[in-house]
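Here is the structure we will look at, set down as structure tokens.
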Amino acid sequence: MRLPDKSCKIASAIAKIKPGDRVMIGGFGVPGTPMTLIQALVDHGADNLTIIKNDANEPGMGIDHLLQSGQVSRLITTHLGLNTHAISLMNTGQIKVEFNAQGILAERIRAGGAGIGAVLSDIGIGTELAMGKQVVELAGKPHLVETALRADVALIHADRADIFGNLAYVATAQNFNPLMAMAADCVIAETETLLPLGGLAANAIHTAGVFVDHVAELAELSKEYAVVQR
Amino acid sequence: MSSAKERMIARAAREIAPGMVVNLGIGLPTQVVNHLPRDFPVCLHTENGMTGIGPTLPPDQADRNLIDAGGSYVSTVPGSAFFDSATSFAMVRSGRLDLTMLGAFEVSASGDLANWKIPGKFSPGVGGGVELAQKARRVVVLTTHTDRAGNPKLKETCSLPLTARACVARIFTDMAVIDVTPRGFVLVETLGGIPAAEVAEATGAPLLLPDTDLPEFEASHGR
């Protein structure tokens, strides 16, 4: 038996994204952000997107290109502190922003990927983060119902992958990537190194290839992947 | 940085006991690590998926894939571990953090913390702050005693949106160390030379004095 080959051209995988889609994008700051897939989505042009991502990168980097091109109508995120452009789009009503507590965003995505409808948590009780959320009493204490998040497409950055879509991450580039790679109907991964079957040791795999639909090797790393000079 | 702020940070470093797992919030708290003795046994956690943070690195020595939650380039130490964001916050919510040090816009006399939003002015999102404030075993705050206009940041009640209720145990400021107790704010130490009455004047809620003499800050770690 032989595992299927899911290696692809980036443009043809990204072409599956439709206007109005919900798109999860991995990364926390630069590490783990799939800069090349994001650029391909800008080139593809699908708009009215809901982007689910921890942060909005920095002006002129990462998903800021999608904000600049006007393709984003809604952003589900945790923190925009490093992107003044995203904050001004939010303040002028050009994008809708939903803030989540960071670990709750992670759990909602994890639940989506695990086939669970919601998780219960006491995070944010007594603050405005609880507003509008269903409250359930559990063991005598109030808990918020945090609904699962899924997406039409997830864009993932891996360090190494094989052609079946098994993925491995490095350092703090892991962050939301393995969670989002489980939580979308179509998962597209870019990888710095693409290996043949067997090239990635079974014990070294973070995301099992079953979750991944398309995997593409990066021909080069653009300057956006580099250390940010502040 | 003013020497009072520097002494506040140095004093806060003595809050870290050997063996602790600690998360240092963005801003002033991050600088606390500079005042720990080299080889001090502590495990630093960062929300973006790492335990065992090593020294901060300048850009020319940095690993592009290795940052802390504030975006600073950091390094590993022997025994460092990487994990995903769900695992990172599992550690936070399940009580694995012995201590977190956070910044503040306001702290109330009952320990409520507001540090993420100033409606109409500053609303970048809450990040991991809610979970840190609500679930670390001990939450201490580092802040200037007053805002730039001289208004107290320690108040009877917070007027800004809360990060978490009744979470703060101790506050380190550029004037004093103050505990949050069931009786309200209690002055623990003053920065050398500042009279207790001056600290009370700059505090927006009653400030109780301890029964014993007030010690003054010691800037060194004392080890």
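First the proteins, then the strands, lettered A, B, ... as listed; each starts at 1. What's counted below: heavy atoms across the whole structure, side chains too, no hydrogens, waters or symmetry copies.
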TODO: Write down the atom of T172(A), the atom of N65(B), and the distance for their closest heavy-atom approach.
DONE: OG1-O, 2.7 Å
Task: Among K135(B), E47(B), M50(B), residue most engaged with chain A (heavy-atom pairs, under 4.5 Å) - done: K135(B)
TODO: Determine whether more than 12 heavy atoms belonging to other residues, nucleotides or ligands lie under 6.0 Å from atom CD of Q134(A).
DONE: no
Task: Any L221(A) side-chain heavy atom under 4.5 Å of R64(B) side chain - done: yes
Open item on the list: Under the criterion side chain to side chain contact (heavy atoms under 4.5 Å, CB included), I'd like the reasoning laid out for I123(A) against R93(B): C-alpha separation, chi angles, the key distance, then a yes or no.
Closed with: CA-CA 9 Å; I123(A) 296 300; R93(B) 289 190 307 269; 3.7 Å; yes
- [ ] Find the distance between CD (E128(A)) and CG (L160(B)) and round it off to the nearest 0.5 Å.
- [x] 10.5 Å
Open item on the list: Under 4.5 Å from any heavy atom of chain A, what part of S88(B) do you find: side chain, backbone, both or neither?
Closed with: neither
- [ ] Taking all non-hydrogen atoms of both residues into account, name the closest pair between S123(B) and M90(A) and its distance.
- [x] O-CE, 3.3 Å
- [ ] Could you tell me whether a side-chain N or O of Q134(B) sits under 3.5 Å from a main-chain N or O of D122(A), the two making a donor and an acceptor?
- [x] yes
- [ ] For atom CZ of R108(A), decide whether the heavy atoms of other residues, nucleotides or ligands shown that lie under 6.0 angstrom number more than 12.
- [x] yes
Task: Minimal non-hydrogen separation, E131(B) against Q102(A), with atom names - done: OE1-N, 3.5 Å
Open item on the list: For the interface with chain B, which of A173(A), G32(A), A101(A) has the highest count of heavy-atom pairs at distances below 4.5 Å?
Closed with: A101(A)
- [ ] Answer yes or no: is there a side-chain heavy-atom contact under 4.5 Å between D84(B) and N175(A)?
- [x] no
Open item on the list: At a 4.5 Å cut-off on heavy atoms, which part of I104(A) comes close to chain B: side chain, backbone, both, or neither?
Closed with: both
Task: Residue part contacting chain B, namely of E192(A), when any heavy atom lies under 4.5 Å - done: side chain
Open item on the list: So which atom in L162(B) and which in G126(A) form the shortest heavy-atom distance, rounded to 0.1 Å?
Closed with: CD1-O, 4.3 Å
Task: Side-chain (Y73(B)) to main-chain (V228(A)) donor-acceptor, under 3.5 angstrom - done: yes
TODO: Drop me the distance from F122(B)'s CZ to I87(A)'s CD1, to the nearest 0.5 angstrom.
DONE: 7.0 Å
- [ ] Apply side chain to side chain contact (heavy atoms under 4.5 Å, CB included) to the pair H206(A) and F82(B), showing each step before the final yes or no.
- [x] CA-CA 12 Å; H206(A) 289 121; F82(B) 299 121; over 6 Å; no
- [ ] Please report the shortest heavy-atom distance between A86(B) and E107(A), naming the atom on each side.
- [x] CB-OE2, 3.8 Å
Open item on the list: Testing the basics here: between G124(A) and V130(B), what is the closest heavy-atom pair and its distance to 0.1 Å?
Closed with: N-CG1, 3.8 Å
Open item on the list: Donor-acceptor pair, distance only, cut-off 3.5 Å: does the side chain of T127(A) make one with the backbone of T163(B)?
Closed with: no
Open item on the list: Which one wins on heavy-atom pair count under 4.5 Å against chain B: P178(A), A106(A), A171(A)?
Closed with: A171(A)
Task: Heavy-atom contact with chain A under 4.5 Å, split by part of A81(B) - done: neither
TODO: Quick one: do L179(A) and S85(B) satisfy side chain to side chain contact (heavy atoms under 4.5 Å, CB included)? Show the steps, please.
DONE: CA-CA 8 Å; L179(A) 307 168; S85(B) 296; 4.3 Å; yes
